[in-house]
Amino acid sequence: MDAERRKTLEETTRWDPGMVEQRVFRGWLEGGYFHPPAEGTPAQNYSISIPPPNVTGALHMGHALNGSIQDTLIRLSRMRGRNTLWVLGTDHAGIATQAVVEKELASQGTSREELGREAFTERVWEWKEQYGSTIVEQYKRLGASCDYERERFTLDEGYVKAVYKVFVDLYEKGYIYRDNYMVNWDPGLRSAISDLELENREVTDSLYEIAYPLEGGGELVVATVRPETMLADTAVAVNPDDERYRDVVGKNAILPITERPIPVIADEHVDPEFGTGALKITPGHDPNDFEIGRANDLQEISVIGEDGRMIEPAPERFVGMPAAEAQKAVVSELREQGRLRGEEPYTHSVPFSHRSGERIEPLISLQWFCRMDELAKPAIDVVRRGAVRITPDGALRQYLHGMENIPPWCISRQLWWGHRLPVWYRGNDQDIETYVGESPPDGEGWEQDPDVLDTWFSSALWPFATLGWPDTTTPEFKAFFPTDVLVTARDIISLWVARMIMTSLEFTEQVPFTHVYVHSIIQAPDGRRMSKSLGTGIDPLDEMDEHGADALRFGLLAMTSTQDVRFSQARVQQGRDLANKMWNASRLILLNARDDVEPGPRSNRVEDRWIASRLQRAVRAVTESIEAYDFSHAALDLYDFFWSELCDWYLEIVKPRLYDGDEDASATLLWALEQVLALAHPLMPFVTEEIYSYLPQQSAAALVVHAYPLADDALIDEDAEREIGEAIALTRALRRWRDLAGVPVKQVLTARADDARPHELVSRLARVEFSEDGGEPIASVGGVELLETEGVDPDAVRARIEERREMLRAEVKRGEGKLSNEGFVAKAPADVVDAERVKLDAYRAELEELGG
RNA sequence: GGGCGGUUAGCUCAGCUGGGAGAGCGUCUGCCUUACAAGCAGAAGGUCGUCGGUUCGAGCCCGGCACCGCCCACCA
């Protein structure tokens, strides 16, 4: 080690991630470690496709956890020597991105309509070039070892090809079709949006009761929160079992205001308990009514347009009014006509657009759909067969539940940013020709459909389109598809995971990945959802600024579980503390170990064999946990080993030998350090890589490509573990006794051992001097008799002994009770009973020793 | 309404096929012991939501109840 590096080690008493992380990351990139050659077979290789973040996105806590997990798996695989690829890319995120750019335009006093389609998309591309790399840079801060040289985008040239091929093929196979359907219409965006892009909010509306006269006398009273939609009513429905209305089913009601006759029908969806038990049916403006309408062949009338204003065939005086205004007008006319029978406040949940914030207007419109049921069948099958394994179980159940009753998917969006539908029309509404293909057919007058595809349509192709598909001969596709594992959160299982499996089976005839690991969603510390709008978000970048990327990674991994968890800053701090501990323990070792010894577990000394043995167990535990996607235990087991066993015990035990230049101590320490750095690297890559660069001898160019440790059973040493285990237990007992007896820290106790075992280690660690003195003992701790010593408070000693006797008496009583229970002795396994006897004997003996 | 999960220390969470309840943080006591005060050595703190059942034995298995959360479908 040169003088300057040594000086750095000597002077840097705290791990300072800010200084180091960037430099370490640059070293990895320059080493080309993240950019594997496209060689070998998918079975030999290991690959993961990152869930592509939105180009507009900023790294949030979900990304940070998701990335930490994947990077742990990727680094483990890479260190095991497998050719490992982590595919990185971003999603064009149609609605989100368009909204961002539109907002920018608005602030400049213009709009997308003013620019026109072509100029607008040009603007979005410019925006993407400028800001689209933000989130990619943030993944780098996290330490994500993605292949940054193979970055993909869902709108790049090759990807668009994949999307068009899938659309055209699915159309030709009859899955994709055009139909009138009820969609969630966002009047702000002027687009249909998916169920997942809306949020339900509690809203207090008025619930109106309106009397519909019946032909031939009488009336039916219906309840509604949206009286304006009655202008599009095409029926009134009652429950078929509802005695009150038995006679009116089949008659006609006269719709007030429009005076249109509409049938009274029976439908079991109607809840007789609610309101009056009679439901107005508006197939054009209510999803539920739409279903009932289709089931009963009702006419579908629309009186609200795409801008949220009334349109014909609503009576002319309403046309052009916003729906809310029309509601007032309709109510006031009903009141004048004496048709209004009630009005009361009514709180219910109402869908709002996540994007524009506007209240969703359910509308019927002509959209493109993809039928999913047949595609779902093989996708259910591969999961049932275990060809794709989904863990944990809850996520598996959610997947199957979602797939078994999968509705058609509305894939067209009235946006400008995205994959424009490869659909061409010619002619007029009465006589329209439709052609589906990448480019327009020969002939004049073909015009492309203005809509774009739902963003998830392209995301559904992610694992294979990023590797070159539809060209299945690219080196990347041949080497890395299918991928190994998909890491994601529960909220997009049906939206994304399921669709990837379906498209992959349909188009590549392979599963896209063999495992799906579904991790926790990180909630705010108070249990609410982390969200910017609620102000509950915690920015992972702030956490990294403050504590370092390793700390955040450790914290998130330690937090994650099979269920959702609350963000715990304490876990991040624990990670920071561990990184600091690693740095300082390494300083101790590196500044004092001899650099002329070959590192290795060569020592015969019991404490050296002990740490070698404990290290093997830690390696096994951590490795097994990662392989089982149990990242929390992996992180915490690593922490325990490093902190408690390596630092608290082994370093304290070995320190004097280290200072004395003992060769075995240096060999053991340097070896153990290298092993534990490698073990920890997938979880905490920065601090481990940095420390590794200080090792006097390095077997790899960098830790990132160092061999991952393999637990060596030959180093498991039960005898050493027992012996040191006993020394530790005795040390702790003596320390506890000292503390309770009020012995000053520096006071050395005099003691006599009844056998030779109490180690010289115990003597030093517990500050006890063993002597052959024959004096009367004042206390006995774990077989060690403590002799009269200056500074010992006799009262405290007596109290301590009495306390111990109390405990022993209770234990003896408990043990005797248990062993005199015939059922226990007869039915419990023999080893359990034996263990109970051994314990009882030991307690009795000790109690005897203390005078009963 | 349907489905799923949860309820364990003051807080956030572990707890393997049922055999004496653990971690981190926080609290208390004592230490600036030459790697680390982001540290060291100790300690206190839990009738494991509730009622009942199975069992020699239940945090764990079964049933009822209460409360919390998530997903799906949504009632006008």
Side-chain angles (χ1 to χ4, degrees), chain A residues 9-10 13-15 195 200 207-208 222-226 229 237 269-271 273-282 286-289 346 348-349 351 392-395 397-398 401-402 405 490-491 493-494 521 523 525 527-529 547 551 555 558-559 561-571 573-592 630 632-633 636-637 639-640 647-648 651-652 655 658-659 731-732 735-740 742 744-746 765-767 811 814-815 818 821-829 831-833 835-836 839:
Chain A
L9 265 191
E10 277 167 357
T13 60
R14 274 189 192 180
W15 167 243
D195 288 350
N200 289 305
L207 182 65
Y208 298 95
V222 302
T224 180
V225 293
R226 298 207 61 193
T229 65
H269 288 95
V270 180
D271 176 3
E273 305 290 314
F274 189 93
T276 59
L279 173 63
K280 72 192 252 322
I281 303 296
T282 321
D286 182 277
N288 203 46
D289 294 3
Y346 179 67
H348 59 152
S349 75
D393 273 358
R397 278 191 285 273
Q398 191 185 327
H401 185 78
N405 237 322
R490 192 169 1 81
D491 50 356
I493 289 176
S494 354
I521 291 171
Q523 298 167 335
R528 288 188 294 171
R529 225 187 153 78
H547 305 300
M559 263 176 253
S561 149
T562 54
Q563 58 171 329
D564 293 350
V565 290
R566 299 178 182 201
F567 182 78
S568 158
Q569 194 129 36
R571 287 294 186 202
Q573 276 160 21
Q574 192 181 356
R576 174 202 62 186
D577 292 348
L578 179 59
N580 188 52
K581 194 78 171 172
M582 284 179 173
W583 175 250
N584 279 298
S586 303
R587 286 174 59 228
L588 172 69
I589 296 168
L590 294 167
L591 288 168
N592 294 287
D630 183 355
S632 172
H633 283 106
L636 296 173
D637 284 350
Y639 180 95
D640 274 349
C647 293
D648 287 350
L651 286 181
E652 292 307 321
K655 238 184 225 177
L658 182 64
Y659 292 144
T731 301
R732 302 187 80 133
R735 282 172 175 170
R736 190 176 329 135
W737 191 88
R738 292 181 63 110
D739 219 59
L740 288 170
V745 173
K746 287 183 177 163
L765 296 171
R767 294 198 186 224
E811 289 301 321
R814 194 195 62 82
K818 202 160 186 181
N821 177 338
E822 281 173 33
F824 176 70
V825 178
K827 295 188 183 172
D831 56 330
V832 173
V833 178
E836 203 58 47
K839 267 190 290 188

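Letters go in sequence order (proteins before strands), and every chain restarts at 1. Reckoned from all heavy atoms, side chains included, excluding hydrogens, waters and symmetry mates.
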Between rU34(B) and rU17(B), how far apart are the two P atoms, rounded to whole Å?
47 Å
Of all the nucleotides listed (rA35(B), rA76(B), rG42(B)), which has the minimum atom distance to the side chain of Tyr346(A)?
rA76(B)
Do Gln573(A) and Arg576(A) meet the criterion of a side-chain donor-acceptor pair at a distance under 3.5 Å?
no
Measure from the side-chain heavy atoms of Glu811(A) and tell me the nearest of rG42(B), rG20(B), rA76(B).
rG20(B)
When rounded to the nearest Å, what value does the distance between P atoms of rC4(B) and rC61(B) take?
16 Å
Nearest-angstrom distance, P atom, rA21(B) to rA58(B)
12 Å
NZ of Lys280(A) versus P of rA76(B): gap in Å, rounded?
12 Å
Can you tell me, in whole Å, how much space there is between the P of rU33(B) and that of rG24(B)?
23 Å
rU12(B) OP1/OP2 closer than 4.0 Å to side-chain N/O of Arg566(A)
yes
With rounding to whole Å, what would you report as the distance between rG18(B) and rU55(B) at their C1' atoms?
9 Å
What is the separation between atom CZ on Arg738(A) and atom C1' on rA41(B), rounded to the nearest whole Å?
10 Å
On a whole-Å scale, what distance lies between the P atoms belonging to rU50(B) and rU8(B)?
10 Å
Below the 4.0 Å mark, does rG24(B) have OP1 or OP2 next to a side-chain nitrogen or oxygen of Ser568(A)?
no
Kindly say whether, by distance alone, the side chain of Glu10(A) makes a donor-acceptor pair under 3.5 Å with the base of rA35(B)?
no
Does rC40(B) have its OP1 or OP2 closer than 4.0 Å to a side-chain nitrogen or oxygen of Lys655(A)?
no
Just need the stems in RNA chain B: three or more back-to-back Watson-Crick or G-U pairs, each with both distances under 3.5 angstrom, sorted by first number.
B:1-7 with B:66-72, B:10-13 with B:22-25, B:27-31 with B:39-43, B:49-53 with B:61-65
Note: Thr282(A) and Asp289(A) closest approach over all heavy atoms is N-OD2, 2.7 Å
Can you find a donor-acceptor N/O pair under 3.5 angstrom joining the side chain of Arg814(A) to the base of rG20(B)?
yes
Using only heavy-atom distances, decide whether a donor-acceptor pair under 3.5 angstrom links the side-chain of Arg14(A) to the base of rA38(B).
yes
Between Arg767(A) (CZ) and rG42(B) (C1'), how many Å, whole number?
15 Å
Whole-angstrom distance between rG39(B) and rC62(B), as gauged at atom P
42 Å
Is the phosphate of rG30(B) approached by Arg735(A) (side-chain N or O, under 4.0 Å from OP1 or OP2)?
no
Measuring to OP1 and OP2 of rG42(B), would you say a side-chain N or O of Arg736(A) lies under 4.0 angstrom away?
no
Would you say Asn580(A) places a side-chain N or O within less than 4.0 Å of OP1 or OP2 belonging to rG39(B)?
no
Phosphate OP1/OP2 of rA14(B) contacted by Gln563(A) side-chain N/O (<4.0 Å)
yes
Taking atom types as they are modelled, would you say the side chain of Lys839(A) forms a donor-acceptor pair with the base of rG20(B) within the 3.5 Å cutoff?
yes
Given the C1' atoms of rC72(B) and rC16(B), what is the spacing between them in whole Å?
33 Å
